[in-house]
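Remarks on the structure that follows.
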Amino acid sequence: MKQLERDFVVLGGGPGGYTAAFRAADLGRSVTLIEQQKSLGGVCLNVGCIPSKTLLHLAQVMDDAAQLESVGITYGKPKVDLDAIRTHKETVVSNLTGGLDGLVKARKVERITGTGSFISDTELLIKTEDGEMTITFKDLVIAVGSRPIQIPGIPYEDERIWDSTKALEVSEIPKRLTIIGGGIIGMEMAAIYHGLGSEITVIEMTDSIIPPADRDLKQSLLKQVKKQYKAIYTSTKVTKVSAESESLKVELEGEKAPDSIEADAVLVAVGRKVNTDRIDIDKTTIKRGDRDWILTDEKQRTNVSHIYAIGDVTGDPMLAHRATHQGKVAAEVASGLKSAFTPMSIPSVAYTQPEIAWIGLTEQEAKEKKIPIKKGSFPWQASGRAMTELAPLGVSKALFDPESGRILGAGIAGKHAGELIGEAVLALEMGAVAEDIALTIHPHPTLSETFAVAAELAEGTATDTMNR
Ligand code: FAD
C-alpha cells in the first residue's frame, strides 16, 4: 500500500473544505484535498444551495409573469420541458464545479479522489478507484459535511419517497407532493414543485413553518402559500407512510389534520445528520458532543491540536457561508495567523416567494430571554419601490438595544430579502446604532430604503409613514 506524508490535508471538498484548502495554499502550505466525489463543491454546489436556487429562480420568474396578468399583460400557461430544466440546472452546477477544478490547479493543490477514514490521530486511510493508501499529516481539517436525516415509519426503498437530493434531480413532477418538514429546505422545495405544477401539502411538527423566524416575517409567505398549496398542517406528526400500488398513504397525528392523506411522492426534509459516523472517528481521540457534532474552539481546533473541524460536521447552523468562513479560520490558524471564528451572528435566508431573511436577535428570542429591545418595523405597502416591483408583501424590521442604541438583530421578508439582509449583517458586525443606519443615504427608489426607514421608525424620525 502507498504511504504518503503530507503537510496540510483537508478531508471533504465542500464549501468548507475547498475554502480551507485554497486559503492554506495561498498562505504557502503544501495542500492535499481529499474528496470522495468526482466533483468538488459538496452538498452546496451539487445537491443543495446552487441547484435549489437555480430551480427557485425559474419558479419565481413564472410567478412574476403570472402576476403581470393583474396589470394587463397576459402570457399563456407555462410549458415545462423537464429535460431542458434539468440540463440548465446541471450546466449551472458544472460551470461552478469546473471553476473549482481550475482553482485547484491554479493553486497547485494536490487533489485525491477517494474516501478517507481515520487510522489514528495522525494517519488517514484513503480508498480510491486504484487502490488504497495511507497519509500521515501535519495538520488536518475535517470537512465531511452532513446528509439528510431519515425518520422511522417510512419505506425509503420506494422510489416515490424522496430526500432533497432526489427532489433536486427533477426527474418527474408528481401530481400530489407531500413534504414532511416545513423548515427552510422543505418550504423551498414546496416553492419549486408548486412552480412546476405539483399540488403541495406540507406537514410540520411544530406550530409554524420555518420555526426560528419571527411570526411577522412569515405572514407574507403564509398568505401566499395558503392560497397556493393544497394544505399546510402544523403541529402535526407523520406516524407512518405506506407504499400502496397507486399512491403513498401518509398517516398523520395532529388536531387539525385528517387521519391520512394520499400522495404521489413524499419528500422527507426533517433536518440533517453529520457524517462523523462514516470516517472511523472512534480510532481517534477527537471529542464529539450531542448528535455526534465535532467539538471545536473558536479557532476551529478540536481537542487534538493539529486537527481542525469546520462546516456542517460541527453542527448548527448548517449553512455554506458558515462553513466557508470557518474554513478560512482553520487554514489561517494552522498556518500561524491570529484568526478566530467569532461572528456577531450568522444570517439565515429562506429563498421562498417571498424570501425571509434574518440576522442576530429575533423578537421571539428577545421575548423568551426577556431582552429589552427598541423596534422599528416598516411594512412594504408604504415603499415606493415595493409598489413599482408589484411586491407589497413584505416587511423590514430592526431591533436595537434601548440603552446603547446598537442594532441587535434584523429581519426582512419580501422580494430579494436574501440580498437586502447583507446590509443588516454589516450593520451588526460594525456595531451600528439606529442613527447610523437612518442617516445613511440610501438610493431612491429601492427596497434597501425599507431597512433605513425601519431604523428611522426606531428613532422616531420617519416621514414616509407615521412614527408610532
Ligand atoms: P458538505 O457540503 O456536505 O461537503 C462535504 C464533502 O465531504 C462532500 O463533498 C462529501 O462528498 C465529502 N466527504 C464526506 N465524507 C468523506 C470522506 N470520508 N472522504 C472524502 N470525502 C468525504 N446553505 C446555505 O448557506 N444556503 C443555502 O441556500 C442552502 N441551501 C441548501 C439547500 C439544500 C437542499 C441543502 C441540502 C442544503 C442547503 N444548504 C444551504 C446547506 C449547505 O449545503 C451546507 O451547509 C454546506 O454544503 C456545508 O458545507 P460543508 O463543507 O460543511 O459540507
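The analysis underlying the following values was restricted to heavy atoms, covering all of them including side chains, and did not include hydrogens, waters or symmetry mates. Counting starts at 1 for both ligands and their atoms, in listed order.
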Worksheet entry | Contact (N/O only, under 3.5 Å) between D312 and ligand 1 | yes
Worksheet, complete the sentence: shortest atom 8 (C) of ligand 1-to-protein heavy-atom contact is with E35 OE1, 3.4 Å
Item to complete: Among all protein heavy atoms, pick the one closest to atom 33 (C) of ligand 1 and tell me residue, atom and distance.
Response: G48 CA, 3.4 Å
Discussion item. Looking at ligand 1, is there an atom of it that comes within less than 4.0 Å of some heavy atom belonging to R272?
Written reply: yes
Discussion item. With the threshold set at under 4.0 angstrom, would you say Y18 reaches ligand 1 through any of its heavy atoms?
Written reply: no
Discussion item. Measuring from atom 24 (C) of ligand 1, which candidate in G186, S117, A323, A320 has the nearest non-hydrogen atom?
Written reply: A320
Worksheet item: How long is the gap from CD on E35 to CG on L33, to the nearest 0.5 Å?
Response: 7.0 Å
Worksheet entry | Residue, atom name and distance, where the atom is the protein heavy atom closest to atom 16 (C) of ligand 1 | Q36 OE1, 3.5 Å
Worksheet item: What about G116: any of its N or O atoms under 3.5 Å from an N or O on ligand 1?
Response: yes
Discussion item. Is the ring pair W162/Y193 parallel, tilted or perpendicular, if the boundaries are 30 and 60 degrees?
Written reply: tilted
Practice prompt. Answer yes if the side chains of D7 and S30 hold a donor-acceptor pair under 3.5 Å, and no otherwise.
Written response: no
Worksheet item: Looking only at distance, does M318 have an N or O less than 3.5 Å from an N or O of ligand 1?
Response: yes
Practice prompt. Decide if the gap between the ring center of H194 and the ring center of Y229 is smaller than 6.0 angstrom.
Written response: yes
Worksheet item: Should one rank A269, G311, G41, G145 by closest heavy-atom distance to atom 53 (O) of ligand 1, which comes out on top?
Response: G145
Worksheet entry | side-chain contact (heavy atoms from CB on, under 4.5 Å) involving E389 - partner list, sequence neighbours excluded | R385, A391, K415, H416
Worksheet entry | Any residue meeting ring pair (Phe, Tyr, Trp, His ring centres under 6.0 Å) with F22, in chain and number order, not counting sequence neighbours | Y18
Worksheet item: How long is the span from the CD1 atom in I135 to the NZ atom in K2, to the nearest 0.5 Å?
Response: 9.0 Å
Worksheet item: Do T19 and T324 meet the criterion of a side-chain donor-acceptor pair at a distance under 3.5 Å?
Response: no
Item to complete: Under 4.0 Å, heavy atoms only, figure out whether ligand 1 is touched by the backbone of S164, its side chain, both or neither.
Response: side chain
Worksheet item: Looking only at side chains, do T314 and R322 share a donor and an acceptor under 3.5 Å apart?
Response: yes
Worksheet item: For ligand 1, which atoms have a heavy atom of Q37 less than 4.0 angstrom away?
Response: 11 (O)
Worksheet item: Judged by modelled atom types alone, do Q67 and D63 share a side-chain donor-acceptor pair under 3.5 Å?
Response: no
Worksheet item: Can you find a side-chain donor-acceptor pair between E169 and S171 that sits under 3.5 Å?
Response: no
Worksheet item: Under 3.5 Å, is there a donor-acceptor pair between the K218 and S208 side chains?
Response: yes
Discussion item. Does only the side chain of P148 get under 4.0 Å from ligand 1, or the backbone, or both, or neither? Count heavy atoms.
Written reply: neither
Worksheet item: Will you find, in the side chains of D207 and T234, an N or O donor that is under 3.5 Å from an N or O acceptor?
Response: no
Discussion item. Just to be sure I read this right, does ligand 1 sit under 4.0 Å from the backbone of T115, its side chain, both, or neither, counting only heavy atoms?
Written reply: both
Worksheet item: Does an N or O anywhere in I279 fall below 3.5 Å from an N or O of ligand 1?
Response: no
Worksheet item: Which bit of L11 is near ligand 1, meaning a heavy atom under 4.0 Å away: side chain, backbone, both or neither?
Response: side chain
Practice prompt. Evaluate whether atom NZ of K237 has more than 12 neighbouring non-hydrogen atoms of other residues, nucleotides or ligands under 6.0 angstrom away.
Written response: no
Discussion item. Tell me the closest heavy-atom pair linking I346 and P317, and the distance in Å.
Written reply: CD1-CG, 4.0 Å
Worksheet item: Can you find an N/O atom of L168 closer than 3.5 Å to an N/O atom of ligand 1?
Response: no
Worksheet item: With a 4.5 Å limit on heavy-atom distance, are the side chains of I210 and I356 in contact?
Response: yes
Worksheet, complete the sentence: heavy-atom search around atom 1 (P) of ligand 1 in the protein gives V43 N, 3.7 Å
Fill in: atom 14 (C) of ligand 1 - nearest protein heavy atom and its distance
V144 O, 3.3 Å
Worksheet item: Which residue supplies the protein heavy atom nearest to atom 30 (N) of ligand 1, what is that atom called, and how far is it?
Response: K53 NZ, 3.2 Å
Worksheet item: What atoms of ligand 1 come closer than 4.0 angstrom to any heavy atom of G114?
Response: 19 (N), 20 (C)
Discussion item. I need the nearest protein heavy-atom contact for atom 31 (C) of ligand 1: residue, atom name and distance, please.
Written reply: C49 N, 3.5 Å
Item to complete: Would you mind listing which atoms of ligand 1 come within a distance below 4.0 Å of any non-hydrogen atom of L319?
Response: 23 (N), 24 (C), 25 (O), 45 (O)
Worksheet item: What are the atoms of ligand 1, with element, lying closer than 4.0 Å to any heavy atom of C44?
Response: 2 (O), 43 (O), 47 (O)
Practice prompt. For ligand 1, note which part of M189 has a heavy atom under 4.0 Å away: side chain, backbone, both or neither.
Written response: side chain
Discussion item. Below the 3.5 angstrom mark, is there an N/O of H321, backbone or side chain, next to an N/O of ligand 1?
Written reply: yes
Response to the item:
For atom 49 (O) of ligand 1, the closest protein heavy atom turns out to be P15 CD, 3.4 Å
Practice prompt. Tell me, yes or no, whether the heavy-atom count around K230 atom NZ, taken from other residues, nucleotides or ligands under 6.0 Å, exceeds 12.
Written response: no
Item to complete: Say whether G16, considering both its backbone and side-chain N or O atoms, lies within less than 3.5 Å of an N or O atom on ligand 1.
Response: yes
Discussion item. Heavy atom to atom 5 (C) of ligand 1, shortest distance: which of S39, G42, A143, G12 holds it?
Written reply: A143
